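Report on one structure; see the data block that follows.
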Amino acid sequence: MTAKRPSTQRKPAGILLRYRHQDTAYGVTRKTTARIARTLGLSETQVVHVALANLARQTLPRYEPDDGPLTPEQLAAIDKLVPQGRLKPSKRLF
């Protein structure tokens, strides 16, 4: 009888990937995955990781959301910090 490993040593569960019967906008066949893998010189698992990484770059924001628009008090504080009256009107370029 083998002893169970402590929970700290367990590997995280993987995902189950069910291939489609035909290629669609939302899934591909195993044959297509294999062709991509051969073309790129990657394993099928690496192809899935590359696809997910590309999807993440395209869809997830790369920055933390801000706190929304500035309040009137914040705008007034900014106006106090900006030197006033030093900007001279420029000549027209065209």
Side-chain angles (χ1 to χ4, degrees):
M1 210 168 165
T2 60
K4 288 187 178 182
R5 291 188 285 178
S7 62
T8 56
Q9 292 181 354
R10 289 186 184 153
K11 290 184 178 182
I15 62 168
L16 175 62
L17 177 65
R18 291 194 177 122
Y19 288 100
R20 303 294 187 239
H21 295 294
Q22 65 181 27
D23 292 338
T24 68
Y26 295 100
V28 296
T29 62
R30 177 87 184 258
K31 182 178 178 181
T32 298
T33 304
R35 286 181 57 207
I36 295 169
R38 280 193 308 275
T39 301
L40 298 178
L42 302 173
S43 71
E44 291 180 27
T45 300
Q46 289 170 316
V47 167
V48 172
H49 280 286
V50 168
L52 289 171
N54 287 337
L55 184 61
R57 269 193 302 281
Q58 291 173 5
T59 58
L60 299 176
R62 297 183 190 157
Y63 51 85
E64 293 294 321
D66 62 20
D67 296 331
L70 297 175
T71 65
E73 292 81 18
Q74 291 170 322
L75 291 171
I78 292 170
D79 285 339
K80 285 183 183 178
L81 295 173
V82 176
Q84 301 297 316
R86 294 176 60 186
L87 182 64
K88 296 179 183 177
S90 62
K91 295 179 183 177
R92 290 184 60 137
L93 296 176
F94 302 101

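One-based numbering along the sequence shown. It should be emphasised that the depicted structure is a prediction, and the values quoted were computed from it without experimental measurement.
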(request) Report yes or no: does Asp23 contribute a side-chain atom to a donor-acceptor pair with the main-chain N or O of Val28 at less than 3.5 Å? (result) no
(request) Give a yes or no on this: more than 12 heavy atoms of other residues, nucleotides or ligands lie within 6.0 Å of atom CG of Asp79. (result)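 Yes, the 6.0 Å shell around CG holds more than 12 heavy atoms from other groups.
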(request) Would you kindly confirm whether Val50 and Leu55 end up in one hydrophobic cluster when ILVMFWY residues are joined by side chain heavy atoms under 4.5 Å apart? (result) no
Residues two or more places apart in sequence or in another chain: which of them pass side chain to side chain contact (heavy atoms under 4.5 Å, CB included) with [X]?
X	answer
Thr71	Glu73, Gln74
Val47	Thr33, Ile36, Ala37, Leu42
Leu60	Ala56
Arg30	Tyr19, Glu44

(request) Search all heavy atoms of Arg18 against all heavy atoms of Arg20 and return the closest pair with its distance. (result)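 Distance-wise, the nearest heavy atoms are O-NH1, 3.5 Å.
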(request) Return the set of residues passing side chain to side chain donor-acceptor pair (under 3.5 Å) with Ser43 (not counting sequence neighbours), or none when no residue passes. (result)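 Only Gln46 meet the side chain to side chain donor-acceptor pair (under 3.5 Å) criterion with Ser43.
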(request) Sequence neighbours left out, what passes side chain to side chain donor-acceptor pair (under 3.5 Å) with Asn54? Give chain and number order. (result)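 Asn54: side chain to side chain donor-acceptor pair (under 3.5 Å) contacts with Arg57.
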